[in-house]
Amino acid sequence: MAARRGICSLLSRSLLSSSCSSSSCCSSGYGFGSFLQSRGRVSRLHGIGRRFSSSALAEEELVTPPVQISYTQNLINGQFVDAASGKTFPTYDPRTGEVIAHVAEGEAEDINRAVSAARKAFDEGKWPKMTAYERSRILLRFADLVEKHSAELAALETWNNGKPYEQSARTEIPIFVRLFHYYAGWADKIHGLTVPADGKYHVQVLHEPIGVAGQIIPWNFPLLMFAWKVGPALACGNTIVLKTAEQTPLTALYVAKLFHEAGLPPGVLNVVSGYGPTAGAALASHMDVDKLAFTGSTNTGKVVLELASKSNLKPVTLELGGKSPFIVCEDADVDKAVELAHFALFFNQGQCCCAGSRTFVHERIYDEFVEKSRARAQRRVVGDPFKKGVEQGPQIDSEQFAKVLRYIKSGIESDATLECGGDRLGSKGYFVQPTVFSNVKDDMLIAKDEIFGPVQSILKFKDIDEVIQRANATRYGLAAGVFTTNLDTANTITRGLRTGTVWVNCFDVFDAAIPFGGYKMSGMGREKGIYSLQNYLQVKAVVTPLKNPAWL
């Protein structure tokens, strides 16, 4: 789930900065779907105006976040330390664009120190040598501490990221806790095999921890992507060097401190904040990192893969971009379909790698769907994410804010019909009006590129074969949604789509056990569920001769 940047950004400070996804993302029995239940050119513009509920952006004062910032240094070998260079970088409040805090700016030397600590903890420390049950107990104690500090963590996540506090507190923190309960349960259930061979041999297949895992997480779901990465790696007995997104370093540092309170040995989990060209590139190319996991843009994912291959050929898991179709069939209940499609796109300010950003609607119900989608977007409550009832906060930063507005301009210039929105909200911070386009064609940029913002593109289709072909006509293959009452139609479409996840009559359901990942240029490998464990295990065959065996 990532903020997607062009290849030119690889020369800027955002190189190898994860800016997803995330998705992206996440959950156990608390899917984001549960959160839903709890709560043209100028001559062709329809319904334009600031009808969005944006009172929180007017003259009212912003809420002061009810949390103090305690951790801004890098965490290496169990200690918070300044960057080797002594440098810091600012992290911002997206509601205002003002600096929240200055955070230690990790660079290559800091990555070296963190990797050395992780290597020593793996080769000489007690973490891999603990019983799996002991590791499980530490993960469970950590989850308990997160619950104890949930109010502070939710406030910190909202302050640094801009997502609604109700979303952080009621959905994402419970999901985070559930994910660690899930992986704690796996820790003592990872086992190998005994396999028969053609001859007098005893053959064991061992599943061993892979070693030092490098992990780069995005800004759109900082806590949840921490859980997706750290949970399976620790359950398998590995040690970690994790690089945060430079936009959102604060919650990862906080929870890493809680991990050590739970009894995690020093050096097992190291957290470095910094930019891509320095910290990210150093981690991806480090010769003593055994495995790399990255969530972010497709372009940056290519660079990560190249650096990994040019160094020590470390295996890489990538969760990258998406342009997910949301298909509304002719038999749909239009009111329900409008609400679900709205959620699929606008959730988390549209900053989801799996957002349903291509809304395909059958021609028979298209006009009604567009009219009701416009009305729903105009009712969306945009404002200070700390205020009750706010559905949409600001975009993450000035770069993403400007990118979204450029795509809106492109949609208008391409002759799509701007049904509502199309501009910023307020004069401070990075708020964007919920925007809906109709009469969108497949070759328009707003239908091809990942915008990563609150911009819904509604396309028309005639029949099932056509919509499957058009839905698949993209370089991405992360997720899709299908809304229909016909089981045969659902089965036909889900099997025809080239995506890693298909939600039928629901969206953003992320149970901890459900694997998540993409086809094509949306990545490689899977996160969550049993499949995520495979990313952090080596397979070793041990063959021993048998002398006079009673059986083979």
Side-chain angles (χ1 to χ4, degrees), residues 1-7 18-25 32 218 220-221 295-302 318-328 340-361 373 395 400 403-404 406-411 414 416 432 435-461 466-483 493-494 496-503 507-508 516-524:
M1 312 168 184
R4 315 304 175 183
R5 293 173 176 147
I7 200 70
S18 179
S19 46
C20 168
S21 88
S22 186
S23 241
S24 104
C25 305
F32 284 138
N220 60 336
F221 293 98
T295 296
S297 74
T298 295
N299 284 336
T300 306
K302 291 178 181 179
L318 300 173
E319 195 267 281
L320 306 175
K323 191 67 177 176
S324 300
F326 185 94
I327 300 170
V328 182
L340 189 61
H342 179 88
F343 170 75
L345 185 282
F346 289 101
F347 177 69
N348 206 52
Q349 295 68 252
Q351 296 172 156
C352 296
C353 59
C354 58
S357 52
R358 290 183 294 153
T359 308
F360 288 97
V361 181
S373 293
Q395 307 310 120
Q400 187 64 19
K403 174 187 172 184
V404 172
R406 286 196 303 272
Y407 273 108
I408 291 173
K409 180 181 179 182
S410 169
S414 299
V432 176
T435 298
V436 176
F437 282 102
S438 64
N439 297 311
V440 178
K441 307 302 180 185
D442 293 344
D443 60 351
M444 295 179 181
L445 288 180
I446 59 172
K448 295 195 301 182
D449 292 355
E450 187 177 41
I451 301 172
F452 227 61
V455 181
Q456 184 177 28
S457 297
I458 308 179
L459 304 92
K460 185 186 296 184
F461 75 93
E466 172 205 331
V467 78
I468 291 174
Q469 185 276 325
R470 291 170 62 194
N472 286 334
T474 172
R475 62 185 179 275
Y476 298 117
L478 191 56
V482 178
F483 202 92
I493 296 176
T494 56
L497 293 174
R498 299 281 297 162
T499 65
T501 299
V502 182
W503 289 292
F507 208 85
D508 280 350
F516 185 79
Y519 287 27
K520 298 186 281 188
M521 294 182 72
S522 287
M524 57 179 65

Next on the checklist: Before you tell me yes or no, could you show the steps for Leu478 and Lys520 under side chain to side chain contact (heavy atoms under 4.5 Å, CB included), namely the whole-Å CA-CA distance, both residues' side-chain angles and the distance that decides it to 0.1 Å?
Outcome noted: CA-CA 8 Å; Leu478 191 56; Lys520 298 186 281 188; over 6 Å; no

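- Side-chain atoms of Arg470 and Leu459, non-hydrogen and from C-beta on, do get closer than 4.5 Å to each other.
- Proximity of a side-chain donor or acceptor of Thr359 to a complementary backbone N or O of Ile458 within less than 3.5 Å is not detected.
- For the pair Lys460/Ser438, no side-chain contact is recorded, criterion being any heavy-atom separation below 4.5 Å from C-beta on.
- Applying the side chain to side chain contact (heavy atoms under 4.5 Å, CB included) rule to Met444 yields the partners Ser414, Ala416, Val440, Lys441, Ile446; only residues at least two apart in sequence or on another chain are considered.
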Checklist entry - side chain to side chain contact (heavy atoms under 4.5 Å, CB included) between Asn439 and Phe437: does it pass, once the steps are laid out? => result CA-CA 7 Å; Asn439 297 311; Phe437 282 102; over 6 Å; no

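- Here the straight-line distance linking atom CG of Asn472 with atom OG1 of Thr499 works out to 8.0 Å at 0.5 Å rounding.
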Item to check | Intermediate values then yes/no, side chain to side chain contact (heavy atoms under 4.5 Å, CB included), Val455 and Tyr407 | outcome: CA-CA 9 Å; Val455 181; Tyr407 273 108; 5.8 Å; no

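- In this structure, Ser357 OG and Phe452 CZ are separated by 10.0 Å, a value rounded to the nearest 0.5 Å.
- Looking at heavy atoms from C-beta onward, Asn348 lies in side-chain contact with Phe221 at the 4.5 angstrom threshold.
- The shortest heavy-atom contact between Phe507 and Ala355 is CZ-C, 4.3 Å.
- Listed here is the closest heavy atom pair of Pro454 and Phe346: O-CE2, 3.4 Å.
- Expressed to the nearest 0.5 Å, how far NZ of Lys448 lies from CG of Asp442 amounts to 10.0 Å.
- Between Thr435 and Val404 there is no side-chain heavy-atom pair separated by less than 4.5 Å.
- Panel note: side chain Gln395, backbone Gln349; a donor-acceptor pair is recorded below 3.5 Å.
- Atom CD of residue Glu319 and atom OG1 of residue Thr298 lie 9.5 Å apart, to the nearest 0.5 angstrom.
- Heavy-atom minimum distance, Ala479 versus Pro325: O-CD, 3.4 Å.
- Residues forming a side chain to side chain contact (heavy atoms under 4.5 Å, CB included) with Val467 (at least two apart in sequence, or on another chain): Ile327, Phe360, Phe461.
- The two atoms that bring Ala471 and Arg358 nearest to each other are O-NH2, 2.8 Å, heavy atoms only.
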Next on the checklist: Glu450 vs Cys353, test: side chain to side chain contact (heavy atoms under 4.5 Å, CB included). Steps then yes/no.
Outcome noted: CA-CA 8 Å; Glu450 187 177 41; Cys353 59; 4.0 Å; yes

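- Between Cys354 and Ser324, the shortest heavy-atom contact is O-OG, 3.4 Å.
- To the nearest 0.5 angstrom, Thr474 atom OG1 is 14.5 Å from Tyr519 atom OH.
- Using a 4.5 Å heavy-atom cutoff, the side chains of Ile451 and Lys323 are in contact.
- Atom CZ of Arg406 sits about 11.5 Å away from atom CG of Leu445, to the nearest 0.5 Å.
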